[in-house]
Enquirer: 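Could you have a look at this structure, given as structure tokens, before my questions?
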Amino acid sequence: MEKQFKRTTVTSALPYANGPVHIGHLAGVYIPADIYARYLRLKKHDVLFIGGSDEHGVPITIRAKKEGVTPQDIVDRYHQLIKDSFEEFGISFDTYGRTTSKVHHDLASQFFRTLYDKGEFLEQSSLQYYDEEAKTFLADRYITGECPRCHSEGAYGDQCEKCGSTLSPDELINPKSAISGSQPVQRETKHWYLPLDKHEAWLRRWILEDHKEWRPNVYGQCKSWLDMGLQPRAVSRDLDWGIPVPVEGAEGKVLYVWFDAPIGYISNTKELLPDTWEQWWKSEDTRLVHFIGKDNIVFHCIVFPAMLKAEGSYILPENVPSNEFLNLEGDKISTSRNWAVWLHEYLREFPGKQDVLRYVLTANAPETKDNDFTWKDFQARNNNELVAVYGNFVNRALVLTHKYFDGAVPACGTLNEYDEATLREFAEVKAEVERLLENYKFRDAQKEAMNLARIGNKYLADTEPWKLAKTDMPRVATILNISLQLVANLAIAFEPFLPFSSARLRGMLNMSTCDWEQLGKTDLLSEGARLNPAELLFEKIEDATIEAQIQKLLDTKKANEEANYKAKPIRENIAFDDFLKLDIRVGTVLECQKVPKADKLLQFRIDDGLEQRTIISGIAQHYAPEDLVGKQVCFIANLPPRTLKGITSEGMILSAENADGSLAVITPEKLVKPGSEVK
RNA sequence: GGCGGGAUAGCUCAGCUGGUUAGAGCGCAUGAUUCAUAAUCAUGAGGUCCGGGGUUCAAGUCCCCGUCCCGCUACCA
């Protein structure tokens with residue numbers, strides 16, 4: 001475990017280039033990765049911090065189609081937006097590439113080819129939908145139709161967004177091609193699969209035995225997957241946006257985006273360092289660390305390592321620190337619902353306050369469980385911690401020096417015991433911050449760094465130089481010298497966390513060096529050195545500012561509710577005879593209970609006027625079974641029976657679906673005889 | 001339902017392989033102080049460690065049963 005590494009490759013999940021970056025991404029991946037990379041650099045370790053945009057995949061092509069532009073236009077737009085906002089925010093990538101680059105295409109292609117030549121893939125043909133008009137196979141997202149579960153229109157081939165079901169394209173009723181609108185036909189197509197099952201044995205050993213130190217969520221999820229047994233995964237798709245499968249007879253096929261994206265880490269390295277990139281990826285004394293969100297655990301811990309191992313010449317990750325999710329004001333962050341704090345907007349609305357957001361998102365990082373970001377917490381942490389503790393100490397030390405010594409670092413006399421105890425505390429904090437950072441505990445590490453400022457405030461309160469100034473100037477000189485040394489130390493300690501503030505602080509101190517190993521030293525500023533005028537390192541954030549942000553979110557929410565409250569268009573007319581075929585009846589609920597081993601199903605015993613029948617209905621999340629007993633419901637009585645969870649359902653209970661997805665059972669306005677027809 | 005993660009002071013979280021009166025920051029109360037962005041410092045009040053069993057001399061920490069939250073997954077005629 002205590003392996004010595006010569007260099008470290010740090011990767012952070014590639015953001016998908018079909019939308020901007022929000023605080024969830026920052027808290028989960030980019031800020032911790034950046035802190036880690038900056039820390040290693042400060043320690044003069046060799047480190048390479050890799051980022052880049054993920055620019056392939058179906059959602060981008062769909063978005064392009066919708067907007068009437070090319071996929072390239074989409075990725076160009078968001079790649080630039082994301083790249084610029086990361087840069088402005090101080091995420092210190094050594095390189096930020098993109099998966100549409102030539103280097104990436106070549107490398108990914110070559111990677112695939114190597115595995116292909118080594119026989120690491122399975123080839124398999126299957127039937128898939130094909131659009132004869134557009135002359136192309138259709139990816140799952142390109143097929144729409146009626147959802148077989150909730151019967152709403154507009155379900156996609158992989159998922160119905162209305163009821164949330166996961167679908168496969170051949171389940172859709174009346175499938176239509178999203179490209180031409182024509183009815184697609186099934187055609188045989190060949191694809192390549194990575195047989196993960198073949199890699200199971202070593203993965204099991206490597207993760208479950210050799211990496212017990214991985215975070216519980218990461219380890220647990222891997223174990224869960226391994227215990228369920230791994231299945232082969234397709235690595236190609238029929239699509240024209242992506243990296244062509246480099247095999248004869250594979251025209252019209254591209255690498256599946258999850259296969260090409262992680263290779264992006266490697267190709268971005270190669271693009272930056274064409275001659276030496278391999279040492280960052282193939283040398284046993286390189287430590288590889290992937291920073292990701294919890295949705296990416298399986299890819300980075302199982303699939304990507306399997307790819308690397310299959311290729312044969314690459315190292316495997318040493319750790320995969322993965323964060324949970326960040327919520328916003330109590331609700332899940334959602335791009336489609338516009339429920340987010342977007343980085344590019346934050347940068348515009350809070351100019352110069354990068355570090356405030358960095359601080360808050362680290363202090364409240366979802367390292368062990370989902371956390372909630374609130375604007376009030378943002379304000380409190382800024383005003384009560386950054387301003388009151390850190391900024392204030394810096395300001396006190398500088399102002400006092402200007403007042404009593406005209407802005408020059410005063411001479412340090414003999415230290416008394418209290419001085420030395422204070423400095424010892426400092427050294428202890430340094431060791432603790434290091435230990436925490438090396439264990440990927442960024443939240444605690446930052447808190448520990450903040451303790452340095454607390455020590456400083458206490459030191460000033462206890463020594464009271466403003467009183468001694470009347471009687472003992474040499475002692476005041478010593479106290480302020482030490483205080484200023486502490487301030488200089490803060491500039492180093494906070495460099496990984498709050499780089500902008502550290503830079504400003506160094507400017508105020510005229511401090512040229514910044515080296516982690518100097519942390520804890522008391523000669524960072526030499527006697528007589530001139531200080532610049534004190535500026536406020538952080539400023540208070542007023543209530544009005546916070547209220548405006550909260551209002552902005554509330555407005556968003558309202559706008560969304562209105563946007564969602566749009567009734568669906570009426571379907572095509574049907575013949576009256578078709579209506580007559582439906583036999584809708586009223587029944588009285590005699591019994592109702594939850595179906596065992598199913599979360600959404602209720603089992604009804606219904607009096608239909610003639611006899612009793614059993615009906616299963618997926619409304620368990622909206623009704624307690626006992627509340628329905630004795631009620632009358634409407635149901636379709638002449639559907640063929642269908643077995644669900646081993647129970648035969650003889651009909652379908654009618655419910656209305658509200659805008660928020662909740663269900664309301666349809667019941668007659670007054671009591672009628674069971675078996676009454678609904679016309 | 002299965003699997004994984006979580007549940008500890010008002011809030012956000014620490015508590016390693018079980019061991020003295022369960023900790024930190026913020027908030028709150030009281031006092032001190034004025035160099036400082038009404039900042040700081042000290043002290044204090046706050047906890048059936050989700051509930052119930054069990055193992056043990058000893059359990060927040062281990063085992064079993066259950067509840068709630070998050071994720072993946074199954075079911076939704």
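Lettering of chains follows the sequences in order, A, B, ..., and the numbering in each one begins at 1.
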Enquirer: Can you check whether A:K369 has a side-chain N or O nearer than 4.0 Å to OP1 or OP2 of B:U12?
Expert: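 Negative; the distance criterion is not met.
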Enquirer: Taking B:U56 as the reference, what is the distance to B:A14 when you measure between their C1' atoms (whole Å, please)?
Expert: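 The same atom, C1', in both gives a distance of 26 Å.
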Enquirer: Taking only the C1' atom of each, what is the distance from B:U12 to B:C3 in whole angstrom?
Expert: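 These two C1' atoms come out 29 Å apart once rounded.
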Enquirer: Pick base, sugar-phosphate or nothing for A:L536, based on heavy-atom distances below 4.0 Å to the nucleic acid.
Expert: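 The residue A:L536 makes base contact.
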Enquirer: Tabulate atom names and distances for all N/O pairs under 3.5 angstrom spanning the protein and nucleotides 66-70 of chain B.
Expert:
unit_1, atom_1, unit_2, atom_2, d
B:C70, O2', A:K294, NZ, 3.3
B:C70, O2', A:D370, OD2, 2.5

Enquirer: Is the closest side-chain donor-acceptor distance between A:T614 and A:R605 under 3.5 Å?
Expert: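 A pair is found: one side chain offers a donor N or O, the other an acceptor, under 3.5 Å apart.
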Enquirer: Quick one: is B:A14 close enough that its OP1 or OP2 comes under 4.0 Å of any side-chain N or O from A:T368?
Expert: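 So the side-chain polar atoms of A:T368 do come within 4.0 Å of the phosphate oxygens OP1 or OP2 of B:A14, strictly under.
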Enquirer: Side chain of A:L601: nearest nucleotide among B:C76, B:C41, B:C35?
Expert: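 Shortest atom-to-atom distance from the side chain points to B:C76.
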Enquirer: Figure out the CZ/C1' separation between A:R454 and B:C41, and round it to whole Å.
Expert: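 Those two atoms, CZ and C1', are 13 Å apart.
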Enquirer: Say we look at B:G60 and B:A7: how far apart would their P atoms be, to the nearest angstrom?
Expert: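 The same atom, P, in both gives a distance of 15 Å.
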Enquirer: Looking at A:L525, A:N481, A:L484, which hits side-chain contact (heavy atoms from CB on, under 4.5 Å) with A:C412?
Expert: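 That would be A:N481.
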Enquirer: Around A:W225, counting heavy atoms of other residues, nucleotides and ligands shown, do more than 12 lie under 6.0 Å from its CH2?
Expert: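 12 or below, so no.
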Enquirer: Atom CD of residue position A:E539 - does it have more than 12 heavy atoms of other residues, nucleotides or ligands inside 6.0 Å?
Expert: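 It does not: A:E539 CD has 12 such atoms or fewer within range.
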Enquirer: Is the distance from OP1 or OP2 of B:A42 to the nearest side-chain N or O of A:K458 less than 4.0 Å?
Expert: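 Answer yes for this pair, as a side-chain N or O of A:K458 is under 4.0 Å from OP1 or OP2.
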Enquirer: Looking for any heavy atom pair under 4.0 Å, which part of the strands does A:A388 touch: base, sugar-phosphate only, or nothing?
Expert: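 A:A388: backbone/sugar contact only, no base atoms under 4.0 Å.
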Enquirer: Would you say the side chain of A:K447 and the base of B:A14 hold a donor-acceptor pair, judged only by whether the two atoms sit under 3.5 Å apart?
Expert: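 Not at all, since no donor on one side and acceptor on the other fall under 3.5 Å apart.
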Enquirer: Check the distance between B:G71's P and A:N323's CG and give it to me in whole angstrom.
Expert: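 Taking CG of A:N323 and P of B:G71, I get 16 Å after rounding.
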Enquirer: Select base, sugar-phosphate, or nothing to describe what A:K594 touches, counting heavy atoms under 4.0 Å on all strands.
Expert: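 The answer is nothing, as A:K594 stays clear of every strand by at least 4.0 Å.
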Enquirer: By nearest nucleotide on RNA chain B, pick out whichever of A:E650 and A:R443 is the more 5' one.
Expert: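 Taking each residue's closest nucleotide, the earlier one in sequence belongs to A:R443.
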Enquirer: Considering only B:A36, B:C26, B:C35, which nucleotide approaches the side chain of A:L400 most closely?
Expert: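 Nucleotide nearest to A:L400's side chain: B:C35.
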Enquirer: Can you confirm whether the side chains of A:R215 and A:N319 place a donor and an acceptor under 3.5 Å from each other?
Expert: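 No.
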Enquirer: A:L639 has an atom CG; how far is it from atom P of B:C76, in whole Å?
Expert: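 Rounded to the whole Å, the gap is 14 Å.
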Enquirer: Taking NZ from A:K645 and P from B:A77, how many angstroms apart are they, rounded to a whole number?
Expert: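 Atom-to-atom, A:K645 to B:A77, this comes out as 14 Å.
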Enquirer: Nearest whole Å is fine: how far is B:A77 P from A:L602 CG?
Expert: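 In whole Å, B:A77 P and A:L602 CG are 12 Å from each other.
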Enquirer: How should the glycosidic conformation of B:G15 be described, syn or anti, under the criterion that syn lies within 90° of 0?
Expert: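 You should classify B:G15 as anti.
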Enquirer: Can a donor-acceptor pair under 3.5 Å be found between the side-chain atoms of A:R642 and the base atoms of B:A77?
Expert: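 Answer no: no donor N or O sits under 3.5 Å from an acceptor.
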Enquirer: Please determine, for the side chain of A:K540, which listed nucleotide (B:U40, B:U12, B:U37) has the closest atom?
Expert: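 For A:K540, the side-chain atoms sit closest to B:U37.
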Enquirer: What integer number of Å spans the P atoms of B:C11 and B:U34?
Expert: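 B:C11 and B:U34 have their P atoms separated by 37 Å.
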Enquirer: Taking the ring of A:Y359 and the ring of A:Y390, is the distance between their centroids below 6.0 Å?
Expert: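 Between A:Y359 and A:Y390, which both carry aromatic rings, the centre distance is not below 6.0 Å.
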Enquirer: Are a donor atom and an acceptor atom from the side chains of A:D543 and A:Q379 found within less than 3.5 Å of each other?
Expert: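 A:Q379 and A:D543 do have a side-chain donor-acceptor pair below 3.5 Å.
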Enquirer: For B:C41 versus B:G25, give the span between their P atoms, rounded off to a whole number of Å.
Expert: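 Rounded to whole Å, the distance is 10 Å.
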Enquirer: Wobble G-U and Watson-Crick pairs count when both distances are under 3.5 Å; given that, what is the 5' to 3' dot-bracket string of RNA chain B, with | for pairing to other strands?
Expert: (((((((..((((.....[...)))).(((((.......))))).....(((((..]....))))))))))))....
Enquirer: Looking across every strand, which nucleic acid part, if any, lies under 4.0 Å from A:K223 by heavy atom: base, sugar-phosphate, or nothing?
Expert: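 Touches nothing.
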Enquirer: Could you please name the option among B:C76, B:A39, B:C41 that lies closest to any side-chain atom of A:A461?
Expert: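 It is B:C41.
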Enquirer: Provide, to the nearest angstrom, the distance between the CG atom belonging to A:N451 and the P atom belonging to B:A14.
Expert: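 Rounding to the nearest Å, CG of A:N451 and P of B:A14 are 16 Å apart.
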Enquirer: For A:I615 and for A:F538, locate the closest nucleotide of RNA chain B by heavy-atom distance; then report the residue assigned to the nucleotide nearer the 5' terminus.
Expert: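 Comparing both residues, the 5'-ward one is A:F538.
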Enquirer: Round to a whole Å and report the spacing from CD1 of A:I653 to C1' of B:C76.
Expert: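 In whole Å, B:C76 C1' lies 12 Å from A:I653 CD1.
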Enquirer: With a 3.5 Å distance limit and no angle check, can you tell me whether A:S649 reaches the backbone of A:I615 through a side-chain donor-acceptor pair?
Expert: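 Between the backbone of A:I615 and the side chain of A:S649 there is no qualifying donor-acceptor contact (under 3.5 Å).
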Enquirer: Whole angstrom is fine here: how far is it from CG in A:D444 over to C1' in B:C26?
Expert: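 One finds 15 Å between C1' of B:C26 and CG of A:D444, rounded.
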Enquirer: Heavy atoms from C-beta onward define the side chain here; which of B:C76, B:A36, B:U33 lies closest to that of A:L644?
Expert: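 Ranking B:C76, B:A36, B:U33 by closest atom to the A:L644 side chain puts B:C76 first.
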Enquirer: Please tell me if A:N217 has a side-chain N or O lying less than 4.0 Å from either OP1 or OP2 of B:G71.
Expert: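 Negative; the distance criterion is not met.
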Enquirer: Just call it for A:V399: base, sugar-phosphate, or nothing, with non-hydrogen atoms closer than 4.0 Å on any strand.
Expert: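 The residue A:V399 makes sugar-phosphate contact but no base contact.
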Enquirer: Under 4.0 Å, heavy atoms only, any strand: does A:N384 hit a base, just the sugar-phosphate, or nothing?
Expert: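 Since only primed, P, OP1 and OP2 atoms lie under 4.0 Å of A:N384, the category is sugar-phosphate.
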Enquirer: For B:A24 versus B:G47, give the span between their C1' atoms, rounded off to a whole number of Å.
Expert: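 Roughly 14 Å separates the two C1' atoms.
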Enquirer: Using the C1' atom as the reference point in each nucleotide, state the distance between B:G46 and B:G23 in Å, no decimals.
Expert: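 About 14 Å, rounded to a whole number of Å.
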Enquirer: Find out whether A:E611 and A:D608 are in side-chain contact, i.e. whether some heavy atom of one side chain is under 4.5 Å from a heavy atom of the other.
Expert: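 Heavy-atom side-chain distance check passes, below 4.5 Å.
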Enquirer: Classify the nucleic acid contact of A:L226 as base, sugar-phosphate or nothing, counting any heavy atom under 4.0 Å across all strands shown.
Expert: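 The answer is nothing, as A:L226 stays clear of every strand by at least 4.0 Å.
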Enquirer: Check this for me, if you would: do A:E324 and A:K294 make a salt bridge, where the nitrogen-to-carboxylate-oxygen distance has to be below 4.0 angstrom?
Expert: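 Here A:E324 pairs with A:K294 in a salt bridge, since their nearest N and O are under 4.0 Å apart.
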Enquirer: May I ask you to decide whether A:K447 forms a salt bridge with A:D444, counting only side-chain N to carboxylate O separations under 4.0 Å?
Expert: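 A:D444 and A:K447: not salt-bridged.
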Enquirer: Taking B:G10 as the reference, what is the distance to B:A45 when you measure between their P atoms (whole Å, please)?
Expert: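 Roughly 15 Å separates the two P atoms.
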Enquirer: So among A:L386, A:V394, A:N383, which one has a side-chain contact (heavy atoms from CB on, under 4.5 Å) with A:F538?
Expert: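 With A:F538 as partner, A:L386, A:V394, A:N383 yield a single side-chain contact (heavy atoms from CB on, under 4.5 Å), made by A:L386.
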Enquirer: Any salt bridge linking A:E209 with A:R205? Criterion: basic side-chain nitrogen under 4.0 Å from a carboxylate oxygen.
Expert: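 The answer is no: the pair does not qualify as a salt bridge.
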